[in-house]
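What you see is a predicted model; the values in this text were computed from it and never measured. So that the names make sense, note that chain A is the first sequence line, chain B the second, and so on, each numbered from 1.
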Amino acid sequence: MNMETRSLKTSAETELASLFDGARGDFAGSDAVRKRREEAFSAFDKRGLPHRRVEEYKYSDIRAKLKSASALVAAGTDGDAKAALDAVATYGDLERYRIVIDNGRLVTGLSDIGALKGEGVTVSDLNAALGETDGLLDVSTIAAADPMIMLNTALVLGGAVVRVGDGVEVSRPIEIVYTASATGARYTRCRIELGKGAKATILESFEDDVAEAEGNAVSDFVIGDEAKLTLARVVTGEATHVSSVLMDIGASAEVKAIGFNMGTDFARTQSFVTFSGEHSNASLYGITMVREKQHSDHTLVVDHKVPNCESRERFKAVIDDFAEGVFQGKIIVRPHAQKTDGRMMTQALLLSEDASMANKPELEIFADDVQCAHGATSGQIDEDLLFYLRARGIPEAQARMLLVLAFLAEAVEEMEDEGIVSALEGRIRDWLSVEE
Amino acid sequence: MPAVQETIDRVRSIDVDQYKYGFVTEIESDKAPKGLNEDVIRFISEKKGEPEWMLEWRLEAYRRWLTMTEPTWARVSYPKIEFNELYYYSAPKNTPGPKSLDEVDPELLETYEKLGIPLREQEILAGVAPENRVAVDAVFDSVSVVTTFKEELKKAGVIFCSISEALREYPDLVRKYLGSVVPVSDNFYATLNSAVFSDGSFVYVPEGVRCPMELSTYFRINEQNTGQFERTLIIADKGAYVSYLEGCTAPQRDENQLHAAVVELIAHDDAEIKYSTVQNWYPGDKNGKGGIYNFVTKRGDCRGKNSKISWTQVETGSAITWKYPSCILRGDNSRGEFYSIAVSNGHQQIDSGTKMIHLGKNTSSRIISKGISAGKSENTYRGLVSAHRKATNARNFTQCDSLLIGQDCGAHTVPYMESKNSTAVFEHEATTSKISDDQMFYCQQRGLSEEEAVALIVNGFVKDVIQQLPMEFAVEAQKLISISLEGSVG
């Protein structure tokens, strides 16, 4: 519906076409996978880069943002990757397994593949897996219509396939770290599968952004029946970053996920969550922290395809200086998805006069026996609360910091796991202290 | 509340799928040739005896319209409209400017009587206190037929007449304000309206005057294959107040008819305009055949300080509704309000909502929207609240609730909130649910039938908005809602 006939291509679009032509020969995988990539690119080519006239990108005009497309990043050495990895410190000394993806490719030497195998988790290189399994690049219909996911499918350089076996409860969190040891555009994809009754905590840290280069990552989660997933993602760095989280949730499963967009020049995190089995629930949280001229976009589509599922969404944004925040959320309740319970909340705190926030919480409901609600607020720090703290001798700057922290922590604390909560709150403190 | 009992009686007395207003009045009419071209526009302009600048204005709009494409973003679907298969002007014959009701075609009067419009004000309103009287402007197909209480209004200084009369009598006023809120090139249907609008109402309330009575317009589409394009322009000068009501009906026809109106409101310093609509165009039959396409552009401009514009709408009719009454809050301390009930049943599609554009300082707005979908209908709330950089201390509160009755209908909410000023405070809440089994059980246990119980609960659901309507309309609106929902349960 939003498509328009276009005759002129932007220079970035022309460059992407030649990138694809050049990379064609190096594609890993079977003929079916190659065909899939060709189809994805021609679909992308027809639509072009999304712009403000495309409803889903109304507030995040990628065509205007991307003046030119960077060349694909070359693979780095393990040594370079190690150096890049050492610089990443999101979770400090939290005990965890690591899977390292440097310059868009899995670095087996730095990843805890052996230890994970012992726990019942297999990790393989995406490029190798593409040769064995055809359907790895397939996504849901809604996600397949997204031009940035099309581009990822066409150009993906590498990534990992993580399979948590049936009934396996992974004892420590698994951190997938995305690093950059060279400049260039990164198209990364991870497929994470949780078997029946499996239980895992996944941390995704995007520290791979390089100025003047684009990142486009897809994390594709397939969550089996009765499985339990806890997910925390942090997107930071300096570049134009689009990351897509796809989730397909089986029956009686439980998902708890939080996504941070912080400090990135232009970040869009888009989640496409589909309920495919009954009696599941998903709690999805999002944090935006932006300043200067940064732009952060959290876009979310929750598709209730089956009855008796529950979803909770809570998104918080703190915006300073000239920065822009965007939240677009959509809860779809398909016909016959009765007894759906969906609640979405988005709240924005504007810290400066020139900060701006666009909220678009949508409901699309085709079944009658449902409970759905959404709320949205936007405003500045409550002067009464500030006065209360100052009256107790807390300096204004610190009082403001406390209030912002409390505002964001409301969502973070829902993650329950203490180690993760304190690591994420640490990230918020770091961000706030720069303020002073 | 007695009205509730009345509603229940009403529901009981009427068969399912019966549109009360679906009669056709056999009146000879004067039509422009089918289709749209510059000659048709010249014909319309000449028929109305318009000044030269008006014709130019129309032609410019038409030329611009030719370059535009129909909007497709709304959540509605319908076959492509053949704009050249429509008649753009249809006037009941022999009615150039009737002097009094006695000169009006009796068959026309009968029509209005069936519609329950209090044209014969003295008789109908006998025994009612004078301040409760309503002045009526009746628009039949494209032409304003009669305006009542004109003389009395004139005494107060209020101008209330058809827009074609205003173009002849007060050309400067019209020229000053026409198109100043909804520009000629605003959107596809507004531009079409600018080119071909045939009539509508004009209201001017001078400085400091509180309009002594409610003003009302009844619109009716009668002819086949006609488009109705009316234009309403209301100006409240400094410190003035006016309350304006609008009602709409159309006969039952198999074909879809187009209604593309433009309404412009202008409120100067300290002025207040209250605009209420009860829209009951023919919604099509139970298989979704026929019905009116209601593609309307309504916008109010709070131009002055402390001005206020309030929209209240009850939408029960039309096959497709595409309508977003908006407020531009330009003046400091101005206020915009939007209260809406949108009821869809059968195969109706509604995509409606509002826009509150905060430009001035300390502006506030309030949106209460209640959507009820039943049958196989689709009901969408689409709204924008925005605060510009200079809109310090803007406030908005939005509440949109949807009620679903039956499994084949849809209810959607698409709110946009764009805040570019940190002192702006926006709050939005929306809920969607069905009538709970507990509520039904409670009502039925007390002896109400299923349908009565639904009517009662629905009346409670929409009460917040009904309360905003003027008395006369509130009762009518309640009846309409219950009629619209007939056959939706069981």
Side-chain angles (χ1 to χ4, degrees), chain A residues 1-4 53 55 58-59 319-320 322 324-338 340-383, chain B residues 69 72-75 77 371 373-374 376 378-390 392-437 488:
Chain A
M1 196 162 91
N2 286 312
M3 272 200 267
E4 53 181 40
R53 313 277 298 192
E55 183 64 23
K58 184 177 166 63
Y59 299 108
I319 301 149
D320 203 353
F322 297 90
E324 300 166 342
V326 177
F327 171 75
Q328 302 185 93
K330 189 191 240 180
I331 299 180
I332 305 172
V333 180
R334 303 276 173 191
H336 314 301
Q338 304 291 9
T340 290
D341 185 345
R343 269 155 229 276
M344 177 157 62
M345 185 70 195
T346 158
Q347 289 168 307
L349 205 52
L350 306 183
L351 298 182
S352 77
E353 218 166 89
D354 299 300
S356 72
M357 178 75 197
N359 269 325
K360 192 176 119 195
E362 278 181 75
L363 295 174
E364 198 177 302
I365 294 163
F366 295 96
D368 65 336
D369 192 2
V370 299
Q371 295 281 342
C372 280
H374 67 220
T377 63
S378 113
Q380 54 185 4
I381 287 182
D382 189 330
E383 291 297 324
Chain B
T69 47
T72 53
W73 43 262
R75 179 181 279 284
S77 60
S373 7
K376 291 181 162 45
E378 298 290 336
N379 200 328
T380 306
Y381 167 82
R382 189 184 300 275
L384 166 73
V385 177
S386 80
H388 281 242
R389 291 206 185 282
K390 291 185 177 154
T392 316
N393 293 325
R395 291 280 179 281
N396 166 266
F397 175 74
T398 302
Q399 186 184 348
C400 37
D401 297 328
S402 308
L403 195 63
L404 290 148
I405 304 175
Q407 342 185 347
D408 302 319
C409 53
H412 318 297
T413 321
V414 192
Y416 297 78
M417 277 152 283
E418 303 173 6
S419 173
K420 292 193 170 143
N421 186 302
S422 64
T423 58
V425 175
F426 288 174
E427 287 171 88
H428 172 104
E429 54 185 62
T431 63
T432 302
S433 57
K434 71 165 196 167
I435 295 177
S436 80
D437 295 342
S488 60

- line: Of B:Lys420, B:Met417, B:Glu429, the largest count of non-hydrogen pairs under 4.5 angstrom with chain A goes to B:Met417
field: Interchain contact, B:Ala430 with chain A, by part (heavy-atom threshold 4.5 Å)
entry: both
- request: Could you check which of B:Ser433, B:Ser419, B:Gly410 has the highest count of heavy-atom pairs closer than 4.5 Å to chain A?
  value: B:Ser419
- request: Check each atom of B:Glu378 against the heavy atoms of chain A and say whether the ones under 4.5 Å are side chain, backbone, both or neither.
  value: side chain
message: Does B:Lys376 have more than 12 heavy atoms from other residues, nucleotides or ligands lying within 6.0 Å of its NZ?
response: no
message: With a 4.5 angstrom heavy-atom cut-off, is it the side chain or the backbone of A:Pro335 that approaches chain B, or both, or neither?
response: neither
Gap separating the CG atom of A:Leu350 from the CZ atom of B:Phe426, nearest 0.5 angstrom: 9.5 Å
- request: For salt bridge (Lys or Arg N to Asp or Glu O under 4.0 Å), just list the numbers for B:Arg75 and A:Glu364, CA-CA rounded to whole Å, side-chain angles, deciding distance to a tenth of an Å, and then say yes or no.
  value: CA-CA 11 Å; B:Arg75 179 181 279 284; A:Glu364 198 177 302; 2.8 Å; yes
- request: Considering only heavy atoms and a distance below 4.5 Å, find which of B:Val425, B:Val414, B:Thr413, B:Leu404 pairs most often with chain A.
  value: B:Thr413
Donor-acceptor pair, side chain of B:His412 and main chain of A:Ile365, under 3.5 angstrom: yes
message: The test is side chain to side chain contact (heavy atoms under 4.5 Å, CB included); show your working for A:Val370 and B:Lys434 and say whether it passes.
response: CA-CA 7 Å; A:Val370 299; B:Lys434 71 165 196 167; over 6 Å; no
- prompt: Rounded to the nearest 0.5 Å, how far apart are NE2 of B:His428 and OG of A:Ser378?
  reply: 12.5 Å
Gap separating the OH atom of B:Tyr416 from the NZ atom of A:Lys58, nearest 0.5 angstrom: 5.5 Å
- request: May I ask you to decide whether A:Lys360 forms a salt bridge with B:Glu418, counting only side-chain N to carboxylate O separations under 4.0 Å?
  value: no
message: Nearest 0.5 angstrom please: A:Glu362 CD to B:Thr380 OG1, how far?
response: 9.5 Å
task: Measure the spacing between CD of A:Gln371 and OG1 of B:Thr432 and express it to the nearest 0.5 Å.
output: 9.5 Å
task: Would you mind checking which part of A:Gln347 comes under 4.5 Å of any heavy atom in chain B, side chain (CB onward), backbone (N, CA, C, O), both or neither?
output: neither
message: To the nearest 0.5 Å, what is the distance between OG1 on A:Thr377 and CG on B:Asn396?
response: 11.5 Å
task: Could you tell me which portion of A:Tyr59 (side chain, backbone, both or neither) has an atom closer than 4.5 angstrom to a non-hydrogen atom of chain B?
output: side chain
task: With a 4.5 Å cut-off on heavy-atom pairs, point out which of A:His374, A:Met357, A:Arg343 contacts chain B the most.
output: A:His374
message: Tell me whether A:Phe322 at atom CZ has more than 12 heavy atoms from other residues, nucleotides or ligands lying less than 6.0 Å away.
response: no
message: Does any part of the side chain of B:Ser422, heavy atoms only, come nearer than 4.5 Å to the side chain of A:Ser352, both counted from C-beta?
response: no
